[in-house]
K.L.:
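This structure is in structure tokens; I'll ask about it shortly.
Within every chain, numbering begins at 1; the chains are lettered A, B, ... in the order of the sequence lines, protein sequences first and strands thereafter. Computed over heavy atoms, backbone and side chain alike; hydrogens, waters and symmetry mates excluded.
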Number of protein chains: 2
Amino acid sequence: MNKKVTMLELAKIARVDISTVSRALNNSPVVKESTRRRIQRIADEIGYAVNAPASSLRRKSARAIGMVIPLDQEAEQTMSDPFYLEMVGAVSQAAADLDYDLVVTVPRDARQVAERRLLNTGRADGIIVIGQAARIERLNELAEVHSNFVVWGGRIKRAKYTTVGSDNVKGGHIATSHLLERGARRILFLGDPDLPEVKLRYDGFLKAQKEAGISHDPSYLLRMNFGGRTTYNQVLDFLRAGNKIDGIFASSDLLANSAIHALVAKGLSVPGDVRVVGYDNIGQASMMTPPLTTVSQNISQGGQMMVELLLAKLEGEKVNSRFTKTELIVRDSA
Amino acid sequence: MNKKVTMLELAKIARVDISTVSRALNNSPVVKESTRRRIQRIADEIGYAVNAPASSLRRKSARAIGMVIPLDQEAEQTMSDPFYLEMVGAVSQAAADLDYDLVVTVPRDARQVAERRLLNTGRADGIIVIGQAARIERLNELAEVHSNFVVWGGRIKRAKYTTVGSDNVKGGHIATSHLLERGARRILFLGDPDLPEVKLRYDGFLKAQKEAGISHDPSYLLRMNFGGRTTYNQVLDFLRAGNKIDGIFASSDLLANSAIHALVAKGLSVPGDVRVVGYDNIGQASMMTPPLTTVSQNISQGGQMMVELLLAKLEGEKVNSRFTKTELIVRDSA
DNA sequence: ATGGAGTATACAATCGTTTGCATTTCATGA
DNA sequence: TCATGAAATGCAAACGATTGTATACTCCAT
């Protein structure tokens, strides 16, 4: 049904050797400019496109990068965080700019070794892994065999691989300072400090208050996972217990949204009575109604950095910095 | 750095011909069971994995399906809708189950012909396109050249390709009935009826009210795009203008969330004074605090259906039904 | 004219699998 | 023991591109 044009046919039409066609299409400087253009024109006319598998086989490079999005146990929850899709988009575009395709894998359970498979089968030249959470050891193992992968996530001492992410301590610091500058003194923290990234944000949270000379009540911390299924009730209970707050730093925008709902339900106004700052700057944040003040992770920049770093590694460059920071910005809604 | 084990080496170790190895790994019935197991064991030991490009070249099949997520102009907005990522996850898993990889492309502008490229280069055997919105004509053109693609979206008369999606009219009907059954009489619709899917939901919305003998005031429709950047203010203005409502049917969960914020800001309680129903059942909905009542599209099932349908087409089966419906469920928060 | 330095193109090997066909191995019955 | 068919394995030709090396072609200086 589908006519498969091969390079050989194209060569015949152009009355040159197939090797010349190949060089022409790959912009080799040795082919004369006029021939190159002629060949290119014919290619467009007959709708020829280089066969990827053949090219990959010969080149020993798939011109594709793999992306692994682990979901661990709480598949549903993690999945629903818009952050991930924004990252897929950012990486896809950055890859496309460099003429690479993106092979996405969403391993069902963490035990799978999706990364290894992608690399060993030669389907991808390198891998981008989103999030390390509970997989640090596994990634360390992988690092001993393959070096061509980059991980999105916070900087972790014992990680033996290249990481890209924002400076979470700084992010927590910025968010908290934002609240302090606006007069908040009794700030509640939302998130699970057992998660590495959240822990760092919490550190920044504490640091900012210490610097400002504010004494922080350690009970002003509500542990909850990223999903936020329980956030609403937890916050409500916290308020009902008589705790007074004038600020909330939520470790994700999802949690912030839920928290705002709870505050309003309790008759508090945002940001009148309580100021709320989120984290991530998922695209939704800016349209969240009212817009949410959040710490931006510049996801698009992060995706681009990961792709560039990965390709640099593939080309054998020594990537000296093991950790690269993306920009952080407070997007204020006020 | 990376030792590349080839099938030939594996064959030597196993002291058989490379062709036997190939057949063994592909579970050909002609190789003796004992040899098959022996070869498999050795393969595991030395960590051999079939080289994908070579296999694809020879087989003339990439064992990969492409997924195109068009973002049109309002890239940001569309992108932030969690629906898309859930779909990526669903398709990825369905594909993985059938041993296919997933190549994701997020074309920057709608003018690109990402689908064609993926197919022509042989990088993907078939394509899944998410959303048709403004691209119906382009997809119709594509359909004349390639038949191996499936589109997610509402059923549209002039579409000449295979579509999978939920029954949007029915969905709108279900949502509206849900509100009516609970006593709502003055229901506001949120969404842009210029979008095909939304139009159908609106039709269902009208139909349900007509059946119930409720006269619907056509001014109870706030046009807004999926992004929902303006939803909060639009709803607030609508209320301030003195319009009374006791129900809202939002054509997406994002809009519903914004609407709830606006209602609460106006001093109305949800669902006490106004009942709100969303659409999509993005994972977030159930944890949206308070949980949102929404019409579920069963995204996971939808993704699976698309993959199965696509593979059936690839195998030449005549896919008779041009439109396949996924299940619809009202997830009630009450 | 002719040699030589470039420049442009052609030849042919190769990448790692899969698969049609030929060949060997094996068990079985005569 | 040997022919015989079936079962298991081996041989070799693809698949469609890329690339090192060899050849042909230009153009100019002698």
K.L.:
Does any part of the side chain of A/N148, heavy atoms only, come nearer than 4.5 Å to the side chain of A/D125, both counted from C-beta?
P.N.:
no
K.L.:
So, do A/E115 and A/F149 sit near enough that their side-chain heavy atoms are less than 4.5 Å apart?
P.N.:
no
K.L.:
Pick base, sugar-phosphate or nothing for A/V30, based on heavy-atom distances below 4.0 Å to the nucleic acid.
P.N.:
base
K.L.:
From C-beta outward on B/T6, which listed nucleotide comes closest to its side chain: C/dG16, D/dT9, D/dT21?
P.N.:
C/dG16
K.L.:
Consider the side chain of B/S19, meaning its heavy atoms from C-beta on, and name the nucleotide among C/dA12, C/dT19, D/dG16 that approaches it most closely.
P.N.:
C/dT19
K.L.:
Is the phosphate of C/dT17, meaning OP1 or OP2, less than 4.0 Å from a side-chain N or O of B/Y48?
P.N.:
yes
K.L.:
Write down the distance between NZ (A/K32) and P (C/dG6), rounded to a whole number of angstrom.
P.N.:
18 Å
K.L.:
Using a heavy-atom cut-off of under 4.0 Å over every strand shown, decide if A/V21 touches base, sugar-phosphate, or nothing.
P.N.:
nothing
K.L.:
For C/dA10 and A/T20 - does any side-chain N or O of the residue sit under 4.0 Å from the phosphate oxygens OP1/OP2?
P.N.:
yes
K.L.:
Measure CE/B/M7 against C1'/C/dT18 and give the value in whole Å, please.
P.N.:
8 Å
K.L.:
Are side-chain N/O atoms of A/N26 and A/S28 paired as donor and acceptor at under 3.5 Å?
P.N.:
no
K.L.:
Taking the nucleotide of DNA chain D with the nearest heavy atom to each, does B/R59 or B/V31 sit closer to the 5' end?
P.N.:
B/V31
K.L.:
Under 4.0 Å between a side-chain N or O of A/S22 and OP1 or OP2 of D/dT18?
P.N.:
yes
K.L.:
Closer to the 5' end of DNA chain C via nearest nucleotide, is it A/P29 or A/I18?
P.N.:
A/P29
K.L.:
Quick one: A/K60 NZ to D/dG20 P, roughly how many Å, whole number?
P.N.:
14 Å
K.L.:
For A/T35, report the nucleic acid contact type (base, sugar-phosphate, nothing); a contact means any heavy atom under 4.0 Å.
P.N.:
sugar-phosphate
K.L.:
Does the distance from a Lys or Arg side-chain N to an Asp or Glu carboxylate O, for A/E9 and A/K12, drop under 4.0 Å?
P.N.:
no
K.L.:
Report the nucleotide, chosen from D/dG20, C/dT9, C/dC21, that has the shortest atom-to-atom distance to any side-chain atom of A/R23.
P.N.:
D/dG20
K.L.:
Is there a side-chain contact between B/V103 and A/R123 in this structure, where contact means two heavy atoms from C-beta onward sitting under 4.5 Å apart?
P.N.:
no
K.L.:
Closest approach of B/P107 and B/I69, non-hydrogen atoms and distance?
P.N.:
CD-O, 3.6 Å
K.L.:
Side chain of B/R58 only, heavy atoms from C-beta on: which candidate in D/dG20, D/dC15, D/dC11 is closest?
P.N.:
D/dC15
K.L.:
Figure out the CG/C1' separation between B/L25 and C/dT17, and round it to whole Å.
P.N.:
11 Å
K.L.:
Can a side chain N or O of B/N51 be found less than 4.0 Å away from OP1 or OP2 on C/dC15?
P.N.:
no
K.L.:
Whole angstroms only, please: what is the CG-P distance between B/L10 and C/dT18?
P.N.:
11 Å
K.L.:
How close or far is atom P of D/dG16 from atom CZ of A/R63, stated in whole angstroms?
P.N.:
21 Å
K.L.:
In whole angstrom, what separates B/L57's CG from C/dC15's P?
P.N.:
14 Å
K.L.:
Starting from C1' on D/dT9, measure out to CZ on B/R38 and report it in whole angstrom.
P.N.:
12 Å
